[in-house]
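Fair warning: this is a prediction, and the values are worked out from it, not measured in the lab. Letters A, B, ... are given to chains in the order of the sequence lines, protein chains preceding strands, and every chain is numbered from 1.
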Amino acid sequence: MRLELDDDQRALQASVRALCAEHFPLERTRTWTDRDSFDRRAWRTLAELGTFVMTRSADEGGAELATVDAGLVYQVLGAELVPGPLVAAALASDLIDEVGTGQLLATVVERPADGQPAVLRHLGLVDVVLVLDAAGIWRVEPADVDARPVTSPLDPTTPVWLATRLPQGERVGDAALAARWRQRGDVLTSALLAGIAVKVIEVAVAYAAQREQFGRVIGGFQAVKHLLADGFARAEVARAAVDAAAVTIDEPGGGPDGTAAARAVAGARVVAARAAVANSKTAIQVHGGMGFTWEATPHLYLKRAWLEENVFTTPDEAAELVARTLTAGEAA
Amino acid sequence: MRLELDDDQRALQASVRALCAEHFPLERTRTWTDRDSFDRRAWRTLAELGTFVMTRSADEGGAELATVDAGLVYQVLGAELVPGPLVAAALASDLIDEVGTGQLLATVVERPADGQPAVLRHLGLVDVVLVLDAAGIWRVEPADVDARPVTSPLDPTTPVWLATRLPQGERVGDAALAARWRQRGDVLTSALLAGIAVKVIEVAVAYAAQREQFGRVIGGFQAVKHLLADGFARAEVARAAVDAAAVTIDEPGGGPDGTAAARAVAGARVVAARAAVANSKTAIQVHGGMGFTWEATPHLYLKRAWLEENVFTTPDEAAELVARTLTAGEAA
Amino acid sequence: MRLRDSESDSRFRKEVRAWLAGAVSDLGPAPADVDDWAARRAYDRRWQSRLQDAGFAGIDWPRAYGGRGATPTEHLIFLEESAAAGAPDLGVFFVSQLHAGPTLIAEGTERQRAFHLPKILAGESVWCQGFSEPGAGSDLAGLRTRAVRDGDEYVITGSKIWTSFAFVADYCELLVRTDPAAPRHRGISWLIMPMDAPGIDVRPLRTIEGESEFAEMYLDEVRVPAENLVGAENDGWRVAMVTFSFERGTAFVRELLDAMSLARGLAAIARRVPRGTATAWDDPGIRRDIGTVAAELDALWALTKRNVSRAEGDGTDGGGPVPVAGGSAFKLSYAEALHHLGEVTMRVLDRYAISLDDLAGAVDLPLGRHLQGQLHAFAISIAAGTSQIQRNILAERVLGLPKER
Amino acid sequence: MRLRDSESDSRFRKEVRAWLAGAVSDLGPAPADVDDWAARRAYDRRWQSRLQDAGFAGIDWPRAYGGRGATPTEHLIFLEESAAAGAPDLGVFFVSQLHAGPTLIAEGTERQRAFHLPKILAGESVWCQGFSEPGAGSDLAGLRTRAVRDGDEYVITGSKIWTSFAFVADYCELLVRTDPAAPRHRGISWLIMPMDAPGIDVRPLRTIEGESEFAEMYLDEVRVPAENLVGAENDGWRVAMVTFSFERGTAFVRELLDAMSLARGLAAIARRVPRGTATAWDDPGIRRDIGTVAAELDALWALTKRNVSRAEGDGTDGGGPVPVAGGSAFKLSYAEALHHLGEVTMRVLDRYAISLDDLAGAVDLPLGRHLQGQLHAFAISIAAGTSQIQRNILAERVLGLPKER
């Protein structure tokens with residue numbers, strides 16, 4: 001049992017962070033809202049680092065890393081608010097090498113129940129749509145999806161489409177792979193959320209340490225200090241939970257059918273989602289009037305967190321799942 | 001429309017407060033846990049002020065006051081943690097004059113669904129048990145109730161019994177009166193809770209204003225100030241809601257069948273219960289180690305609040321009821 | 001205490017309701033484009049004219065200055081009926097009617113009153129507020145925009161932020177520092193600045209709600225006649241406090257009523273949002289969440305009525321302005337309730353919380369104003385005294401705890 | 001990172017598990033009367049003897065001082081297996097094993113170590129803690145109990161509070177002020193006080209949980225040999241910080257595991273508590289509440305493992321004590337989670353939240369430990385550094401924000 005980051009893992013995070021700082025600075029990425037503005041070259045640069053194929057075997061061009069390493073990288077991507085279909089890339093690269101190399105972009109969507117519309121993210125950017133359902137994974141051409149873009153997307157840096165129904169598509173993966181994708185996608189999404197939770201407090205601390213009101217920096221007021229301390233603690237707890245969940249699914253019996261893994265993954269979503277949303281709200285509040293401006297960054301974290309928290313599962317579904325594991329074995 | 005207290009109402013509260021200070025000081029009442037220790041003379045003194053018959057007509061020995069006036073008095077009784085079956089006395093005096101005069105004590109209990117046990121408060125003290133059910137109000141002799149006292153009652157100043165089933169008893173009131181009792185009992189209980197919410201913050205403010213740590217009074221630390229400010233605001237909101245609910249049920253159409261009254265009463269419970277519990281917790285935390293001692297008073301407020309919040313309704317049931325009123329008129 | 005209207009209040013309510021029914025019915029829709037300031041101004045002015053013709057303009061202003069002289073309760077009734085009828089709110093006249101007019105009545109010269117008040121009542125002039133600065137938010141007294149006396153003019157240089165309606169304003173209520181050597185609160189003055197004066201540069205300020213009601217304003221040697229001073233030179237802090245005193249009591253009434261309408265709307269939406277094999281409304285936890293936040297808003301409506309009753313007084317307790325306890329308790333609790341409403345909104349909408357506009361077509365949900373309302377919660381917990389400032393006020397001025405050091 | 005045990009940890013876990021199974025099975029029940037200190041001491045000592053015989057006494061103490069020298073991970077495994085097996089916790093030996101022993105190892109004289117450590121390991125001596133005072137709670141350095149040197153003795157007068165196990169203790173780890181003229185932190189000393197010395201008056205201190213593990217202690221000219229000083233005179237603050245450093249990392253492990261068991265128990269209770277026409281468990285909102293708090297506790301278990309990993313180090317990052325960030329984040333979050341668990345408990349129990357004991361008969365619900373656990377949440381948010389103090393620590397020492405003035 002060892003849940004602390006080692007030097008390799010810290011170095012991995014540092015290299016991704018450096019790449020993001022160079023190729024995905026927030027002042028630029030916040031305007032990458034459509035096909036024209038999205039910088040595919042930056043995306044390929046990110047892919048070339050191996051970001052989307054970390055857990056694949058060396059034969060398949062991967063780095064043979066553990067899911068937890070991928071999670072650590074995705075925490076950085078979340079912290080840096082990198083745009084684009086990040087989690088979908090890590091999944092789709094299992095089937096489509098060009099997604100792993102960043103030449104193609106993919107989005108992954110769950111086929112909704114009959115009559116319910118599908119929410120597709122990044123549809124206008126991607127080259128491939130992969131649809132998950134009970135029977136497996138289905139490949140659909142973006143052009144074949146009858147969808148309309150959502151005006152004023154809640155997260156301005158994540159374009160979203162609504163489709164009444166999805167074409168059946170070509171079956172490219174079985175039900176077992178679909179289940180593994182859901183599990184891995186869930187964890188990587190929670191990693192993005194944990195990254196937001198950590199980073200947005202750093203942003204707020206930096207602001208509080210220099211913004212002066214009443215003749216002193218506002219970070220000296222206990223009310224502000226305590227808001228930030230609570231945020232820091234929430235983020236620490238969230239990333240411990242996400243890391244543990246990522247480790248758990250790589251353990252023997254950690255697949256989609258394992259109770260311990262299901263509980264760890266669901267629990268990680270519960271705490272990571274709350275930490276990301278609550279900490280972003282804290283950051284806006286600490287930024288005061290500045291936090292209420294579009295120009296400042298805290299609202300972008302909040303809006304991204306709001307969107308991501310409902311991807312692959314929702315905090316409510318996850319909480320229900322954790323509860324069910326508490327009485328596993330007892331008669332329902 | 002006028003929702004501010006007038007001079008008469010303030011004077012009424014002051015006289016009850018003065019009586020409580022003399023006859024129900026907390027350092028004495030906290031040990032009134034059974035028939036032997038309970039001071040019936042103090043109880044009669046309270047009754048002689050007219051406390052339990054405020055809303056009755058002058059013919060019936062009452063003061064012809066509005067329900068809101070009774071609520072204001074019950075806020076004081078809650079604030080002073082007066083022990084005994086207070087709300088039951090205000091209801092039972094409709095039927096039994098000796099309860100109104102304080103010569104007899106009564107408890108009121110809802111007949112539980114088949115197979116569910118009944119929770120009776122003050123059974124060992126009272127002379128009359130009044131059972132509410134769909135058919136009306138039933139009088140039962142305490143000796144006929146097969147119940148056992150609960151050891152270590154959560155609220156040490158409110159003894160509680162558990163009964164497997166209640167005798168049928170003698171019918172003394174119809175279904176309409178039972179419904180009015182539930183409504184009035186609900187509001188008066190919320191008034192007790194609002195009183196707790198107000199008072200426990202006063203207690204905590206007084207402590208914070210004199211307790212020194214780190215060379216200054218702890219009430220000077222922003223963290224403590226803000227805890228108390230939040231508590232004050234919660235209490236202000238709660239008592240406004242309770243007063244408004246009490247006024248509403250006296251309005252035309254304000255009976256148990258009226259939607260507006262039902263919503264106001266339920267909403268008042270939601271906010272009063274939360275204010276009482278949250279503020280008591282704040283008071284314990286502000287008292288620090290002292291707050292963790294049995295000897296200090298804050299825990300008594302918390303425990304009373306915990307018990308009262310589930311009497312006549314529960315915060316969860318009340319929240320559900322408010323929600324239902326939002327879509328009243330729409331198809332279910 | 002009573003919730004019922006008195007006889008005269010009841011008559012007033014009937015009169016207002018009858019008039020609103022007619023006046024709203026043929027008003028036409030508000031301009032769709034929120035950035036079309038000319039259209040917004042024209043729309044709001046049309047409504048203001050109707051108000052004036054019907055005798056409702058300056059409803060809470062004294063009769064001597066052209067107002068109706070309504071009691072606080074009548075004012076509340078008017079706001080309540082206006083919300084129920086879907087009537088426009090003050091719109092671009094927010095600052096002129098709630099701030100500038102009352103301040104001039106209290107502190108202006110006869111000449112200032114005679115010139116400005118009729119224009120304000122008629123909806124002929126729009127005002128903006130030039131109080132906050134990039135470096136002076138919660139700490140308003142830290143403002144640094146300088147005004148130097150030069151003959152019979154002040155020459156003003158500095159920058160302001162959160163100047164609502166600046167794009168369409170004719171005048172600005174401006175706080176400036178006239179004596180940099182004096183203690184912070186003693187060197188401030190309150191000026192009327194015509195917005196057509198040279199040297200004013202207004203830039204849009206987009207909020208996290210995506211709207212642009214606010215602006216940043218840069219002032220470069222703007223010249224304003226000295227006679228535009230309201231109150232004495234260097235006495236502007238006191239005048240500003242008078243200005244703020246009009247914000248209390250009824251300033252958030254329309255807001256609150258709109259939030260209560262959001263809660264009802266959320267219940268309706270919950271019945272249509274899929275959740276598992278049913279809808280969100282079929283989940284008792286969701287129903288309780290909605291019921292709880294509705295109860296909080298109802299309680300704040302009760303507190304509003306109490307605050308208004310206090311402001312009105314009944315002869316026995318003097319009446320007067322809303323006490324700080326009620327005002328700050330309201331503001332703080334209202335911010336909390338709006339944030340709570342936002343949280344519940346996210347839970348209800350779940351995977352469909354994706355746009356600041358309504359969804360139409362594939363899924364038809366009027367969620368736009370709900371998600372915007374959620375972001376608006378930050379405006380309440382930050383603007384006009386952050387929740388942290390409100391807590392300080394309650395702790396120090398109401399509970400008597402020591403002042404911040 | 002890995003959750004699996006290393007090979008040697010796995011062997012250790014097997015060994016512990018096998019031994020516990022046997023050792024717990026014939027131990028007999030703990031004394032029913034929590035106030036029967038003699039029985040509690042005897043019971044805890046029986047367990048301690050078994051631990052010592054099996055080589056688990058002083059599990060994290062260095063081998064040189066009679067301990068097992070287990071790694072932090074092994075210690076965690078031991079605590080985890082002990083909880084799972086329902087083995088007793090340290091009981092009356094809490095202070096001697098977690099505080100006094102390690103402090104003496106780090107700071108004591110050879111003579112102090114030789115005398116006390118064997119007794120502690122054998123469960124022959126019980127210690128209590130004499131740190132807090134009525135006037136010095138969060139502000140421990142404000143303590144005023146005076147110790148005046150008189151020949152080769154200190155003469156001690158003052159009062160202490162929260163002296164756990166005082167009724168049964170043989171020794172007290174006592175903080176006293178030896179130099180009233182020195183700055184607050186510089187005039188304090190750490191003393192071993194025999195509890196049979198004349199002048200000690202111990203009075204029970206009942207907590208809101210209704211328990212009496214704690215006491216108030218009044219000291220009236222109590223004489224303690226000067227050789228009982230641990231560390232240098234007036235250097236006691238530093239020594240106390242050493243004492244506290246042992247509280248971190250694993251001090252709350254058993255607590256946390258018990259709380260996780262409470263969450264599971266709450267799910268079982270929910271299936272039996274009536275709610276409407278069904279049970280509380282049939283309400284999805286209740287299930288989510290329970291699931292959420294279980295997720296919080298699971299996450300704290302993950303954080304605990306991370307903190308222990310850090311304390312252990314792997315050679316590349318040095319290892320060492322749990323950093324303040326992890327320790328304070330844990331303490332703060334654990335207090336919040338316990339309060340949350342308490343809230344959920346009240347919602348689940350609803351009208352049956354009526355006793356600090358289990359209910360039997362008419363309704364059969366094992367709710368006692370759940371309602372006590374709820375009150376215990378205050379012990380966590382208040383004792384050993386209130387949540388407010390933890391937030392200060394995180395803000396100042398981890399986030400680098402300015403110190404409180």
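Contact of A383(C) with chain A is not made at all, since no heavy-atom distance falls under 4.5 Å. For a residue to count as touching a neighbouring chain, one of its non-hydrogen atoms must lie under 4.5 Å from one of that chain's; by this rule Q222(A) does not touch chain C. If you measure heavy-atom distances from I284(A) to chain C, the contacts under 4.5 Å come from both the backbone and the side chain. Neither the backbone nor the side chain of R391(C) comes within contact range of chain A, judged by heavy atoms closer than 4.5 Å. At a 4.5 Å heavy-atom cutoff, A113(A) makes no contact with chain C through either its backbone or its side chain. Neither the backbone nor the side chain of I218(A) comes within contact range of chain C; no heavy atom of the residue lies under 4.5 Å from a heavy atom of that chain. With a 4.5 Å cut-off on non-hydrogen atoms, L367(C) does not touch chain A at all. For A141(C), no part lies near chain A; criterion is any non-hydrogen pair under 4.5 Å. Both the backbone and the side chain of K281(A) come within less than 4.5 Å of a heavy atom in chain C. With a 4.5 angstrom heavy-atom cutoff, R211(A) touches chain C only via side-chain atoms. Heavy-atom distances place the side chain of L302(A), and not its backbone, under 4.5 Å from chain C.
Expressed to the nearest 0.5 Å, how far CH2 of W294(A) lies from CD of E209(C) amounts to 10.5 Å.
Listed here is the closest heavy atom pair of S355(C) and V150(A): CB-CG1, 3.1 Å.
Of the listed residues (I208(C), D357(C), L205(C), I382(C)), the one with the most heavy-atom contacts under 4.5 Å to chain A is I208(C). The candidate from L371(C), D358(C), L375(C), T386(C) with the greatest count of non-hydrogen atom pairs under 4.5 Å with chain A is L375(C). Your options are G142(C), P274(C), A377(C), S132(C), and the one with the most heavy-atom pairs under 4.5 Å with chain A is P274(C). Of the residues considered (Q374(C), E343(C), R184(C)), Q374(C) shows the highest number of contacts with chain A, using heavy-atom pairs under 4.5 Å. Most heavy-atom pairs under 4.5 Å with chain C: of the set M290(A), E317(A), E212(A), this distinction falls to E317(A). In terms of non-hydrogen atom pairs under 4.5 Å with chain A, the most contact-rich of D350(C), N392(C), T277(C) is D350(C). Chain A forms more heavy-atom pairs under 4.5 Å with one residue of P134(C), G276(C), G285(C) than with any other, namely P134(C).
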Working for side-chain contact (heavy atoms from CB on, under 4.5 Å), residues V311(A) and R351(C): CA-CA 8 Å; V311(A) 174; R351(C) 292 188 168 89; over 6 Å; no
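Between the side chain of Y352(C) and the backbone N or O of V119(A) there is no donor-acceptor pair closer than 3.5 Å. No donor-acceptor pair closer than 3.5 Å links the side chain of D139(C) to the backbone N or O of Q213(A).
Heavy atoms of other residues, nucleotides or ligands lying less than 6.0 angstrom from CZ of R369(C) number more than 12. Residue D34(A) qualifies as enclosed at atom CG: its count of foreign heavy atoms under 6.0 Å is above 12. Taking a 6.0 Å sphere around CZ of R272(C), one finds it holds more than 12 heavy atoms contributed by other residues, nucleotides or ligands.
Considering only heavy atoms from C-beta on, N310(A) stays 4.5 Å or farther from I354(C) through its side chain. The side-chain heavy atoms of T207(C) and H299(A), taken from C-beta on, include no pair separated by under 4.5 Å. Between W306(A) and M346(C) the shortest side-chain heavy-atom distance falls below 4.5 Å. Side-chain contact between R206(C) and T293(A) is absent, with no heavy-atom pair separated by less than 4.5 Å.
We find that E309(A) and R347(C) are not joined by a salt bridge, their nearest charged nitrogen and carboxylate oxygen being 4.0 Å or further apart.
If you check the side chains of S381(C) and Q285(A), you find a donor sitting under 3.5 Å from an acceptor.
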